Undergrad: 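Let me begin by handing over the structure; questions about it come next.
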Amino acid sequence: MAPIRLTTKVRSTSEVLLKWTHTVKSVTEIRVEMSTDGGEFLEVAVLRGNAKTTTLRRLAAKTNYAFRVHALRSGALVGASAVAEARTR
């Protein structure tokens with residue numbers, strides 16, 4: 001199982017809020033990946049396992065982004081969310 005219901009909310013020309021729900025217990029780490037305009041996904045944040053939100057800052061204005069979240073337990077991948085998209089203002 002994986003983080004589910006990954007959603008995005010554009011907060012400004014340079015910030016996007018991500019929210020998700022956990023379906024796995026004892027997650028020790030969350031990794032956030034981002035892709036710009038259909039490009040390769042790159043890791044942009046590593047969070048504590050109990051995290052359910054993060055705000056990504058310093059993004060480019062008027063740009064399409066895709067995000068996904070990975071859950072890890074003791075270093076092992078236990079699941080990944082579906083991709084969620086956003087376009088900054």
Side-chain angles (χ1 to χ4, degrees):
M1 299 300 288
I4 59 170
R5 294 195 265 305
L6 176 62
T7 61
T8 61
K9 181 177 182 182
V10 176
R11 299 182 85 182
S12 70
T13 58
S14 63
E15 292 186 0
V16 173
L17 171 68
L18 304 180
K19 290 185 181 183
W20 59 90
T21 302
H22 287 293
T23 59
V24 177
K25 299 220 186 267
S26 303
V27 171
T28 56
E29 188 175 276
I30 296 290
R31 294 186 184 178
V32 179
E33 293 183 333
M34 179 178 77
S35 170
T36 305
D37 289 322
E40 178 182 351
F41 277 90
L42 300 173
E43 187 175 285
V44 294
V46 177
L47 309 169
R48 292 182 182 195
N50 62 349
K52 295 181 182 175
T53 68
T54 192
T55 299
L56 298 177
R57 295 177 171 87
R58 298 187 200 122
L59 302 176
K62 298 181 182 177
T63 303
N64 295 317
Y65 290 95
F67 304 95
R68 63 186 178 198
V69 176
H70 296 275
L72 290 91
R73 182 178 24 212
S74 301
L77 180 66
V78 292
S81 70
V83 172
E85 298 179 341
R87 179 174 172 85
T88 49
R89 296 183 205 138

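Values in this document were obtained by computation on a predicted structure and should not be read as measured data.
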Undergrad: For a quick test of reading the model, state the closest non-hydrogen atom pair linking L47 to A51 and the distance between them.
TA: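 In this case the closest contact between L47 and A51 is CB-CB, 3.8 Å.
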Undergrad: Do F67 and T8 touch side chain to side chain, with heavy atoms closer than 4.5 Å?
TA: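 A side-chain contact under 4.5 Å exists here.
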Undergrad: Rounded to the nearest 0.5 Å, what separation is found between the OG1 atom of T55 and the CG atom of L17?
TA: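 So the OG1 of T55 and the CG of L17 are separated by 4.5 Å.
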Undergrad: Say you draw a straight line from OG1 of T53 to NZ of K9; how long is it, rounded to the nearest 0.5 Å?
TA: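 Output value for this atom pair is 12.0 Å.
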Undergrad: Please name the pair of heavy atoms, one in Y65 and one in A60, separated by the smallest distance, quoted to 0.1 Å.
TA: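 Shortest heavy-atom contact: OH-N, 2.8 Å.
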Undergrad: Looking only at heavy atoms, which two atoms of A66 and F41 are closest? And how far apart?
TA: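 Nearest pair, atom of A66 first, then F41: O-CE2, 3.6 Å.
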Undergrad: If you look at every heavy atom in A86 and V16, which pair is closest and at what distance?
TA: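 Shortest heavy-atom contact: CB-CG1, 4.1 Å.
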Undergrad: If you measure from OG1 on T23 to CZ on R5, what distance do you get to the nearest 0.5 Å?
TA: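 These two atoms lie 9.0 Å from each other.
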Undergrad: Tell me, do L18 and V32 make a side-chain contact under 4.5 Å, heavy atoms counted?
TA: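 Contact flag for L18/V32 side chains = yes.
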Undergrad: Sort and list the pairs that fulfil side-chain hydrogen bond (donor to acceptor under 3.5 Å, both in side chains) and have at least one residue in residues 78-89, not counting sequence neighbours.
TA: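 Output for this query lists N64-R87.
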Undergrad: Heavy atoms only: give me the nearest M34-L59 pair and the separation to one decimal.
TA: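 Answer, listing the atom of M34 first, then L59: SD-CD2, 3.7 Å.
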Undergrad: Are any of the side-chain heavy atoms of H22 and I30 separated by less than 4.5 Å?
TA: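 Yes, at least one pair of side-chain atoms sits under 4.5 Å.
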Undergrad: Please enumerate all residues that pass salt bridge (charged side-chain N to carboxylate O under 4.0 Å, His left out) together with E15, with sequence neighbours excluded.
TA: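 Residues passing salt bridge (charged side-chain N to carboxylate O under 4.0 Å, His left out) with E15: R57.
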Undergrad: Is there a chain of hydrophobic side chains (I, L, V, M, F, W, Y, each step under 4.5 Å between heavy atoms) that links W20 to L72?
TA: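 No; tracing contacts between hydrophobic side chains, which count when under 4.5 Å, never links both residues.
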Undergrad: So, applying side-chain contact (heavy atoms from CB on, under 4.5 Å) with P3, which one of T21, V27, V69 is it?
TA: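 So the option named by the test is V69.
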Undergrad: Distance check, rounded to the nearest 0.5 Å: L56 atom CG versus S14 atom OG?
TA: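 Here the rounded value is 11.0 Å.
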Undergrad: Could you tell me which residues satisfy side chain to side chain donor-acceptor pair (under 3.5 Å) with E33, sequence neighbours excluded, listed by chain and number?
TA: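 Counting only residues at least two positions away or on another chain, E33 forms a side chain to side chain donor-acceptor pair (under 3.5 Å) with R68, H70.
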Undergrad: Testing the basics here: between R73 and T28, what is the closest heavy-atom pair and its distance to 0.1 Å?
TA: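 Closest approach of R73 to T28, heavy atoms only: CA-OG1, 3.4 Å.
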Undergrad: Check the surroundings of atom CD in E40: do more than 12 heavy atoms from other residues, nucleotides or ligands lie under 6.0 Å from it?
TA: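 Result for CD/E40: open.
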Undergrad: Just wondering, do T36 and T63 contact through their side chains at under 4.5 Å, heavy atoms?
TA: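 Result yes, sub-4.5 Å side-chain heavy-atom pair found.
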